[in-house]
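The structure presented is a predicted model; accordingly, all values stated were derived computationally and were not measured. Whatever order the structure lists them in is the order used to number ligands and atoms, beginning at 1. Position 1 is the first residue of the sequence; numbering continues from there.
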Amino acid sequence: MTDIADGITLIDTLLGGVPGRTSGYLVAGEAPAFVDPGAQTSAAHVVATLRAAGLGPDDLAWIVLTHIHLDHCGGAGELAAAFPRATVVVHERGVRHMIDPARLVAASHVVYAEHAPMYGGMSAIPEARVVAAPDGHRVALGAGRELEMIATPGHARHHMSVLDAATGTVIAGDAVGAHLVGGGLYPTVPPADVDIAAGRASLARLLAWRPQVVSASHFGPVGAPADAIAVADEQLAVMGEAALRGWIAGGRDAVEREIERALPLEAAVGTAESAMEWRALAWYQNNFDGLARWAEGAATPPGAA
Ligand SMILES: [Zn+2]
């Protein structure tokens, strides 16, 4: 547990039992919130950590989700069961999947392939306990403090960032990419609904908020926020151009070749250990599939078959 700002504690949600991969955030208040419980396979650890931090079953008011990928939301069902007064807050597009996660889990497992057991599935959450968060939705923590959720699509259509005005903190989910094992940032653009232009617009919106702290789900606070956002934006721009070039030249395999040339993983993240982790999790490889799907749509003129 690490405090990243006054009243905001990072808890390692230990994807696959390994530190430094996925983070959740306990935001203190009369009505405390926990942002991104992590995968279902992390839920027992997260509940135990919150109990050890002094939260009894009635003490958690909100479970906030940056988006509905299983490494962020998969444990929400177990967390909701362990904290029966908590309300789950999620992007409007995510609500039905929290109530009936079967399709979300099946589609996610196709992407995760042999890594699916590391994530696990998801338990359904009663409809009465799920709230849809439109852009600008506010989560009241008591005593005037509140979290603001803003739509930051790009990584996914259902992606939101969580802002704490009291400390100038952005809990950014995957909007700025990821940095693993102390390496540099690199984009996370997996299937199925990556949008490069939307991702860059989301970064501009986060920059305009002038954050003091930006924390990536994978993993933890980035350095100087404005510099990190500029790096993330440049990386998305380079990646988008390379993916389009590749798609037009030769489909998915050419997308991979163009990305490896334009934004080589090792050079971007800076250390062999970090690059190994990107490959071990297959997040690096998943990017090619996400980008190929995006490029196919972006390269097809509207109205064309
Ligand atoms: Zn993620």
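- Taking the Zn ion (ligand 1) as reference, the nearest N/O/S atom within Asp174 carries the name OD2.
- Using modelled atom types, one finds no donor on one side chain facing an acceptor on the other under 3.5 Å when comparing His91 with His137.
- At a cut-off of 2.8 Å, His155 does not coordinate the Zn ion (ligand 1) through any N, O or S atom.
- If you check the side chains of Thr66 and Asp36, you find a donor sitting under 3.5 Å from an acceptor.
- In the model, Glu78 has a side-chain atom that pairs as donor or acceptor with a side-chain atom of Ser123 under 3.5 Å.
- Figure legend: Arg51 and Phe83 shown as a cation-pi pair, the cationic atom lying under 6.0 angstrom from the six-membered ring centre and within 45 degrees of its axis.
- Using a cut-off of 2.8 Å, one finds that His67 contributes no N/O/S atom close to the Zn ion (ligand 1).
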